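Atom set for the values below is all heavy atoms of this structure, side chains included, hydrogens, waters and symmetry mates excluded. Because the structure is a prediction, the values reported are computed rather than measured. In listed order, ligands and their atoms are each counted from 1.
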Amino acid sequence: MGEPDFPILAPGQLRPVADRPPGDTLDSLALYPVAGEPDWAADFPALWTPGEAGAEARLARFVAGPVSGYAAQRNDPGTDGTSGLSPHLHWGELSPRQVWHAVRQAQPGELSRSWPFLSEILWREFSYHLLWHRPELPECALRERFARFPWGRDAALLRAWQRGRTGYPVVDAGMRQLWRHGWMHNRVRMIAASLLVKHLLQPWQDGAAWFWDTLVDADLASNSASWQWVAGSGSDAAPYFRVFNPVLQGERI
Ligand SMILES: Cc1cc2nc3c(=O)[nH]c(=O)nc-3n(C[C@H](O)[C@H](O)[C@H](O)COP(=O)(O)OP(=O)(O)OC[C@H]3O[C@@H](n4cnc5c(N)ncnc54)[C@H](O)[C@@H]3O)c2cc1C
């Protein structure tokens, strides 16, 4: 298999755009919580360092250690075994090529050594490929036969799931982590999403919308493709009869 090209070097200088229209100030967007409302972002600064420097530091930390245990630990939400690079990739603070080659440098030789991690980078590319070719991906089931599925829309059930009050410990822990930290481990995303869609029979679009509002790595391509994968309506999706058992899954972790 051919490997991606090396990333091109950043230009020495960027010429400012002449006659640029006046922009909005960040403060005018009123993105921060206001007094009297829960400060959903209180924990973020301790966990995330937005920007290129923060992204490079996280990549350096990952290739210096955790990457070697990735294959064994990637499915264990109790360890810090994944890269945590998703927000940085989403916001363009790192490119997939940079990540690819940093990992290859850390683990030279046979590609198979790094494959468990690098194949995840390729899942991201596949999601973009899908969104490009099927722009309806965020809204419509890719498999026609699921288009008129009789969901049991129920606002109270959806709210219980959003708030981490389903009664299933692994799901509730994940949903509360999502609210506090803006992130959830992939394994827990799959279990929580499966519960919403396959046990509670809520439309996958409602779950995707909540993830879109709360994830620091919320990404139209990866989020939509992953929700459709869980629901069984996407391309290369988990079959509709594959239902995660939220009790057994929680016990295994
Ligand atoms: C229901 C659901 C919704 C999801 N929504 C998003 C989303 O909005 N944004 C997002 O980036 N990922 C999403 N994912 C995929 C995956 O959960 C996250 O990319 C991963 O947990 C991020 O943590 P990490 O950076 O430590 O991942 P690592 O395991 O370190 O993987 C490295 C990188 O590969 C990419 N990647 C890993 N798994 C996937 C995947 N299944 N699909 C596409 N790319 C992947 C990410 O860019 C990630 O940073 C979703 C998964 C599910 C099941």
Look only at interatomic distance and state if [X] has a nitrogen or oxygen under 3.5 Å from any nitrogen or oxygen of ligand 1.
{"X": "Y70", "answer": "yes"}
{"X": "G84", "answer": "yes"}
{"X": "L85", "answer": "yes"}
{"X": "W227", "answer": "no"}
{"X": "D219", "answer": "yes"}
{"X": "S83", "answer": "yes"}

Report task. State whether a side-chain donor-acceptor pair under 3.5 Å links N223 with W227. Result -> yes

Within a reach of under 6.0 Å around [atom1] of [X], are more than 12 heavy atoms found that belong to other residues, nucleotides or ligands?
{"X": "I8", "atom1": "CD1", "result": "no"}
{"X": "R163", "atom1": "CZ", "result": "yes"}
{"X": "R104", "atom1": "CZ", "result": "yes"}

**Report entry** Protein heavy-atom partner closest to atom 13 (C) of ligand 1 - residue, atom, separation in Å
**Finding:** R189 NH1, 3.3 Å

Query raised in the report: Looking at atom 33 (C) of ligand 1, what's its closest protein heavy atom, distance included?
Result: I121 CD1, 3.8 Å

Query raised in the report: Judged by atom type as modelled, is there a donor-acceptor pair below 3.5 Å linking the side chain of R189 to the main-chain atoms of M184?
Result: yes

Requested in this report: Would you check if the side chain of T214 reaches a backbone N or O of W210 as a donor-acceptor pair within less than 3.5 Å?
Outcome: yes

Non-hydrogen atom of [X] closer than 4.0 Å to ligand 1:
{"X": "F117", "result": "yes"}
{"X": "W183", "result": "yes"}
{"X": "H90", "result": "no"}

